[in-house]
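All heavy atoms count here, side chains included; hydrogens, waters and symmetry mates do not.
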Amino acid sequence: MSLAIRCQNLTKRYDGRPPVDAVRGLDLAVEDGECFGLLGPNGAGKTTTIEILEGLLQATSGEVELLGMRWGQDDYAIRQRIGISLQETKLAEKLQVRETLSLFRSFYDQGMEPAEAMEKVSLGEKARTWVGKLSGGQRQRLAVACALVGDPDLLFLDEPTTGLDPQSRRELWEIIRDFGRRGRTVLLTTHYMDEAERLCDRVAIVDQGRVIALGTPRELIASLGGEHVIQFTVAADPQSRLIRAELESLPSVETAITEADHVSLAVSQPHLALPALLAHLESRQLELASLTTRHASLEDVFVRLAGRSLDEETSQ
């Protein structure tokens, strides 16, 4: 299958004392028609990577191809075939929704009518509303409509649902799914793992400027070795009194990860692991303070690979 995006050994260094390497030898290959997720915590290098791919930043080194073309050689042709929704989009507040989309449509040789773009994001009734009067969710949908109005083959969405309420998030999810059903390609960055699991055909988990895992959400979750997670805390300090090897020797426990305030076990059969865990804690005279069970997620994959949760920002 042909590739919509190919980047090889991509690096971005910011000068300073010391210099900061935001992207460190990153490789990506995104197929035509794929919804591909670039995942990781704040500071992992996701936005820097996507801005290089969009042509907004120049890489320090490495190769980038979009739709078989290269920045610096085919700039106009690339811009005519991509749509971009930035992490934060500032639109003129004294323009109406229709006027805003008409302006963005004028940037492209061909595309959809502003009315069609408004309908795709459920803003038809807001055509004459000033941008400054829109809610946060409506502004985000308008930003996506601005990216869609050129009828692109490749759509970049950088953290498109950050700060949105649950209903607005689901409305944007359906817009993204509809774009994919038309055989177009999406590159999505997010730190919401549930979003990636619902939308993406494949994902790359990025940490400290490198890809640390790549595959379908199902494949990456399966790599934990267990489909379920038991998460618990004890009244005493788990770091000093719980031994990882002992936990991993319990029935059906595949991996054990001790974090600052809790312990997570990846297990294949919770009905076997739970009684064994309770007996183990009792034998070590530890009092159980809390316990939950749930299905494993991409966040569990990240914690296992990076050794910390997604809430902890990457320091470069």
Side-chain angles (χ1 to χ4, degrees), residues 5 7-12 20-30 34-50 62 158-159 187-233 238-239 242-250 252-268 270 273 292-316:
I5 300 173
C7 64
Q8 187 171 4
N9 199 28
L10 192 67
T11 67
K12 179 62 177 178
V20 175
D21 293 313
V23 181
R24 311 180 188 190
L26 188 142
D27 296 329
L28 279 182
V30 179
E34 188 172 31
C35 182
F36 190 94
L38 202 59
L39 316 180
N42 294 330
K46 305 187 305 297
T47 294
T48 300
T49 298
I50 199 171
D158 191 5
E159 304 280 3
L187 179 64
L188 169 79
T189 75
T190 182
H191 60 271
Y192 296 128
M193 294 296 141
D194 63 323
E195 185 165 272
E197 289 177 38
R198 289 172 182 265
L199 295 177
C200 297
D201 300 305
R202 287 191 305 144
V203 299
I205 299 179
V206 178
D207 189 37
Q208 298 182 13
R210 296 187 178 94
V211 173
I212 60 174
L214 175 67
T216 68
R218 185 180 296 272
E219 288 170 346
L220 293 179
I221 292 171
S223 71
L224 291 170
E227 297 180 358
H228 304 270
V229 173
I230 297 174
Q231 195 170 87
F232 68 94
T233 60
Q239 297 278 12
L242 286 173
I243 300 173
R244 178 178 173 181
E246 292 180 355
L247 293 172
E248 292 182 343
S249 70
L250 298 177
S252 90
V253 175
E254 303 294 338
T255 59
I257 298 176
T258 300
E259 298 188 63
D261 58 351
H262 66 268
V263 178
S264 296
L265 307 179
V267 305
S268 55
T292 60
T293 62
R294 56 178 171 79
H295 286 285
S297 69
L298 286 173
E299 183 159 359
D300 297 306
V301 177
F302 179 83
V303 170
R304 179 181 177 185
L305 294 172
R308 68 181 192 282
S309 71
L310 281 163
D311 294 334
E312 300 176 50
E313 292 194 9
T314 299
S315 58
Q316 296 286 357

> Thinking salt bridges, do Glu197 and Arg218 make one under a 4.0 Å N-O criterion?
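Salt bridge absent between Glu197 and Arg218.
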
> Between Lys46 and Gly40 (side chain of the first, backbone of the second, donor and acceptor by atom type, cut-off under 3.5 Å), is there such a pair?
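Answer holds: yes.
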
> Looking at Glu246, is its backbone amide N or carbonyl O close enough to the side chain of Ser249 to form a donor-acceptor pair, meaning the two atoms are under 3.5 Å apart?
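A pair under 3.5 Å: yes.
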
> Would you say the side chain of Val211 lies within less than 4.5 Å of the side chain of Asp27, judging by non-hydrogen atoms?
no

> Mind running side-chain contact (heavy atoms from CB on, under 4.5 Å) on Leu26 and Cys7 for me, showing each step along the way?
CA-CA 7 Å; Leu26 188 142; Cys7 64; 3.9 Å; yes

> Mind checking the CZ-CG spacing from Phe36 to Leu214? Nearest 0.5 Å is all I need.
5.0 Å

> Report yes if some heavy atom in the side chain of Leu220 is under 4.5 Å from a heavy atom in the side chain of Val203; otherwise report no.
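In short, these two side chains touch, coming nearer than 4.5 Å.
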
> With heavy-atom distances below 4.5 Å as the criterion, would you say the side chains of Leu305 and Asp207 are in contact?
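Result no, sub-4.5 Å side-chain heavy-atom pair not found.
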
> Roughly how far, to the nearest 0.5 Å, is CD of Glu299 from CG of Asp194?
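Separation between the atoms: 9.5 Å.
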
> How many angstroms lie between atom CZ of Arg198 and atom OG1 of Thr190, to the nearest 0.5 angstrom?
12.5 Å

> What heavy-atom pair brings Val206 and Pro41 nearest, and what distance separates the two atoms?
O-CD, 3.8 Å

> Please report the interatomic distance CG(Leu224) to OG(Ser264), rounded to the nearest 0.5 Å.
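The CG atom of Leu224 sits 10.5 Å away from the OG atom of Ser264.
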
> Any idea which heavy atoms bring Ala256 and Arg244 closest together, and the distance?
O-NE, 3.2 Å

> Using modelled atom types only, decide if a donor and an acceptor are shared between the side chain of Arg24 and the backbone of Gly209 within a distance under 3.5 Å.
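Checked: no pair found.
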
> Using a 3.5 Å distance criterion without hydrogens, assess whether the side chain of Asp201 forms a donor-acceptor pair with backbone atoms of Glu34.
no

> Output every pair passing ring pair (Phe, Tyr, Trp, His ring centres under 6.0 Å) with a member in residues 193-232, not counting sequence neighbours, ordered by first then second residue.
His228-His295

> Could you tell me which non-hydrogen atom of Ala196 sits nearest to which non-hydrogen atom of Pro217, and how far apart they are?
O-CG, 4.1 Å

> Tell me, do Asp21 and Thr11 make a side-chain contact under 4.5 Å, heavy atoms counted?
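Answer no - side chains too far apart.
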
> Given the rule in the side-chain contact (heavy atoms from CB on, under 4.5 Å) test, do Val263 and Leu247 qualify, once you have shown the distances and angles that lead to the verdict?
CA-CA 10 Å; Val263 178; Leu247 293 172; 3.9 Å; yes

> Using 0.5 Å steps for rounding, measure from the CE atom of Met193 to the SG atom of Cys200.
10.0 Å

> Counting only N and O atoms by type, is there a donor-acceptor contact under 3.5 Å from the side chain of Gln231 to the main-chain atoms of His262?
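It does not hold such a pair.
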
> State plainly whether the residues Arg294 and Asp300 are in salt-bridge range, i.e. N to O under 4.0 Å.
yes

> With heavy-atom distances below 4.5 Å as the criterion, would you say the side chains of Leu187 and Ile50 are in contact?
yes

> Rounded at 0.5 Å granularity, tell me how far CZ in Arg202 sits from OG1 in Thr216.
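Those atoms lie 9.5 Å apart.
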
> What is the minimum heavy-atom distance between Gly25 and Asn9, and which atoms define it?
CA-OD1, 3.3 Å

> Side chains of Leu10 and Thr49, heavy atoms from C-beta outward: is any pair under 4.5 Å?
yes

> Report the residues that fulfil side chain to side chain donor-acceptor pair (under 3.5 Å) with Ser223, sequence neighbours left out, ordered by chain and then residue number.
none

> Answer whether the closest heavy-atom distance between the side chains of Val301 and Ile205 falls below 4.5 Å.
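With C-beta onward as the side chain, the pair touches.
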
> Passes side-chain contact (heavy atoms from CB on, under 4.5 Å), Leu38 versus Leu188? Steps please.
CA-CA 6 Å; Leu38 202 59; Leu188 169 79; over 6 Å; no

> Apply side-chain contact (heavy atoms from CB on, under 4.5 Å) to residues Thr255 and Glu248 and explain how you reach the verdict.
CA-CA 6 Å; Thr255 59; Glu248 292 182 343; 4.1 Å; yes

